[in-house]
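See below for the structure under consideration.
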2 protein chains.
Amino acid sequence: MEFTQQTQSQLANLQASLESQYETFRLANLNLDLTRGKPAAEQLDLSNELDGILQGFYLLQDGTDVRNYGGLLGIPEARQLAANFLEVDANEVMVGGNSSLTLMYSYIDHMLPTWRAGLVNDTDRIKFICPVPGYDRHFTICDHFDIDMLTVPFLADGPDMAQVEALVQQDPLIKGIWCVPKYSNPTGHTYSDAVVDQFARLSEKAGEHFTIFWDNAYAVHHLTDTHDSLKSLMSEARAQGNQDSVVILGSTSKVTFAGAGIAFLATSPANLKAFEKHMSVSVIGFDKVNQFRHVRFLKDAQTIEAHMRKHRDIIQPKFELTDKILNEHLSGKGIATWTRPRGGYFISLDTLPNLATEVIQQAAAIGVKLTPAGATFPGGLDPHDSNIRIAPTFPSLDALQRALEVFVVCLQLATVNQLLSD
Amino acid sequence: MEFTQQTQSQLANLQASLESQYETFRLANLNLDLTRGKPAAEQLDLSNELDGILQGFYLLQDGTDVRNYGGLLGIPEARQLAANFLEVDANEVMVGGNSSLTLMYSYIDHMLPTWRAGLVNDTDRIKFICPVPGYDRHFTICDHFDIDMLTVPFLADGPDMAQVEALVQQDPLIKGIWCVPKYSNPTGHTYSDAVVDQFARLSEKAGEHFTIFWDNAYAVHHLTDTHDSLKSLMSEARAQGNQDSVVILGSTSKVTFAGAGIAFLATSPANLKAFEKHMSVSVIGFDKVNQFRHVRFLKDAQTIEAHMRKHRDIIQPKFELTDKILNEHLSGKGIATWTRPRGGYFISLDTLPNLATEVIQQAAAIGVKLTPAGATFPGGLDPHDSNIRIAPTFPSLDALQRALEVFVVCLQLATVNQLLSD
């Protein structure tokens, strides 16, 4: 029965029962963590052969010695691998170090003088559109660079494009938009073909040097047999002559080693040339040995697919367990909705308004850490205080089950408390 | 006999003979490169066991899984290794990715808002002191950030400290100085203890937040049995309470793999905390797997010393050959002076005034590439146009000999041409 349909005394009984369960958990001195989208150790084990895979061979076909300096765009073999991964041409790719976040940060740092050159008044500020809920580290980069963030709702087929288009038409100081187009962080949704088509033409409506940051972090990270497919933004943008508005990011952080993979950035050859010059001040070349290891290990699309299937075998049960527990304890009560992603690393859950902070605090107080409330919104401010990002991949199944059992009690208890105090 | 003592007709004969030698070289269609301080393939071979050294073990003593995210300061074992290397405390160290250049760039990027907060007038500019000749990539970073560069002469025991002290006392907008304190790039000289002591107290004379960039790139790169020793700047600065003015850089780029080593930055714990926060916007953590590889491979000071001895065995003959050819062809003629470094990667040669560009162009015209004239000065402008940096490590002994034979002919020919045209 829905909580809101219950009488005061029914709610009071429920409260007493939930408080007793909460107390039991408290006495168990738990220490569990559902905060970040980290691969589990068994997933990392899948790539253990990376170290040693070169077997003493460090020369590329073109004679390049990957051990020595140079080659800021990355080794040709890795650029080709990334091109397949991101569905772009190899000459549009820079292969970086272990972090696509660093490439995003550097690209914005690179563009800022260009964007700022268009400012007229002292009070003018560069702005980005942020579909919400979204990825906190994107917002942190904007904060760092004093870029204002305008939110638009993230719908099941991508951002609300009517709002996005209206915003960029109104304000030429909007210079960018953050997108996680496939198995999005945190909802798990994938942009529809129609939305991708709108993105391919978005720069036509926007101010000069408008840039789409297309963070395709979960391109091959399927959780079910039904693989979402994402239309190639670069192909479509190229067809429209808008390739300069596209910057695509990706990495192997959740394919091989989270902290020791390789990252990719793809954009038009003209943009890439300018970005390479910018980067050359601070980087002689990224780690080509590790790029070569990844080429040897991941080889081609089929090898990557087979490898990702092994990841799925490890984490799909965790997503299923999460959905099962949420269903058992929350469904039919009108107190929470959540996503059932077909890929990616997260489940996005919404409580009733003004409860997320309370739920997360209550869970933390008895040893279950969740992503901070509001983290999926710019400035950490969720206007409804209702979104909670659940990251089920890192804990063991046992730990996950225990953490979720605590979570659903905290969520119900916070909801009942609020209903009773209304 | 000195060239300047020769008659016009003696010089004309010499010119004819040199032109004939030049023509012979031209017909040989050479393609040789003495431009950058790159290790030779045999040097890189010394570290081939890095790939595979972990043998499937990825856990640190403290339980950290080096394959996963996190740990922006680096793994404890690598911080300790770097601390020994740089003669600082482990809690003063960040271990980065494959590039100390990136750490320098990021540190300046981090400090700029603080430095700029002290500017009063719109036309005020941040300034750095650059001992010359110096390292071109340091100057490029200053250029990139619109930092003015003030040069001071680099003497045999370090920068001209009287000038350095007078400058920082005069101008509080001088916020930094670039130093390569040991086996300096390009002269090979090492700072004396007295100069290090002066650096340890330099911030007392300078404007707020004055920072010494102590790029100790060649800390263990000896070429002879007589090892230069460099007094620990951090120890001395700490003793004076000036540890916040010190940023020490280092890397294994010329110890293991030039493009796939690990880099270090050391500064006071207070500075390090602020820098870590700055870096956390763009980096979740550097490649800890590669840090762990390096800990396993380089182990301790004795292992590093034995390893560097093998490097010396490969490159010392190249430095000796260079000195021998320069001696045979240039000595006693009053047309060039050059350094005989006991370590590092370069020989610094000075021609008579206004000849370096000409010599380098003539050599390039027949297939021998040298570091561009002026590269060792800010803006690429050597006021005397006389400094040439020779990098003998990368070519084979045969190629090096041929390249130097061309170089000494070009140098003599350019000198004779100038003397005849005076």
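Lettering of chains follows the sequences in order, A, B, ..., and the numbering in each one begins at 1.
The distance from the NZ atom of B/Lys277 to the NE2 atom of A/His144 is 10.0 Å, given to the nearest 0.5 Å. We find the CG-CG distance between B/Asp45 and A/Asp65 to be 8.0 Å, quoted to the nearest 0.5 Å. In this structure, CZ on B/Arg296 lies 10.0 Å from CG on A/Asp51, to the nearest 0.5 angstrom. A distance of 6.5 Å separates OH in B/Tyr58 from CG in A/Leu50, rounded to the nearest 0.5 Å.
Using a 4.5 Å cut-off between heavy atoms, A/Thr102 contacts chain B through both its backbone and its side chain. Neither the backbone nor the side chain of B/Arg36 comes within contact range of chain A; no heavy atom of the residue lies under 4.5 Å from a heavy atom of that chain. Residue A/Gln43: no heavy atom, backbone or side chain, is found under 4.5 Å from chain B. Looking at B/Thr140, the atoms closer than 4.5 Å to chain A (heavy atoms on both sides) sit in the backbone and in the side chain alike. With a threshold of 4.5 angstrom between heavy atoms, A/Asp143 does not approach chain B through any atom at all. Heavy atoms closer than 4.5 Å to chain A are found in both the backbone and the side chain of B/Asn48. Contacts of A/Asn98 with chain B are made by side-chain atoms alone, with heavy-atom separations under 4.5 Å and no backbone atom involved. Interface remark: A/Phe257 contributes backbone and side-chain atoms alike to the contact with chain B (heavy atom separation under 4.5 Å). For chain A, the nearby part of B/Phe394 is the side chain; its heavy atoms alone come within less than 4.5 Å. For A/Ser280, the part sitting under 4.5 Å from any heavy atom of chain B is the backbone (N, CA, C, O) and nothing else.
Annotation: B/Asn121, atom CG; neighbour count of heavy atoms from other residues, nucleotides and ligands within 6.0 Å is above 12. Residue A/Asp124 qualifies as enclosed at atom CG: its count of foreign heavy atoms under 6.0 Å is above 12.
Between A/Leu44 and B/Asn68, the closest heavy-atom pair is CD1-ND2, 3.5 Å. Of all heavy-atom pairs spanning B/Ser282 and A/Ser99, the tightest one is O-OG, 3.9 Å.
Among B/His278, B/Met279, B/Met104, the residue making the largest number of heavy-atom pairs under 4.5 Å with chain A is B/His278. By number of non-hydrogen pairs under 4.5 angstrom with chain B, the leading residue of A/Arg293, A/Lys38, A/Arg137 is A/Arg293. Of the listed residues (A/Asp109, A/Val289, A/Asp287), the greatest number of heavy-atom pairs within a distance under 4.5 Å of chain B belongs to A/Asp287. Between chain B and the options A/Thr256, A/Val283, A/Leu103, A/Asn290, heavy-atom pairs under 4.5 Å are most frequent for A/Val283.
Contact of the A/Tyr69 side chain with the B/Pro39 side chain is registered, since non-hydrogen atoms from C-beta on lie closer than 4.5 Å.
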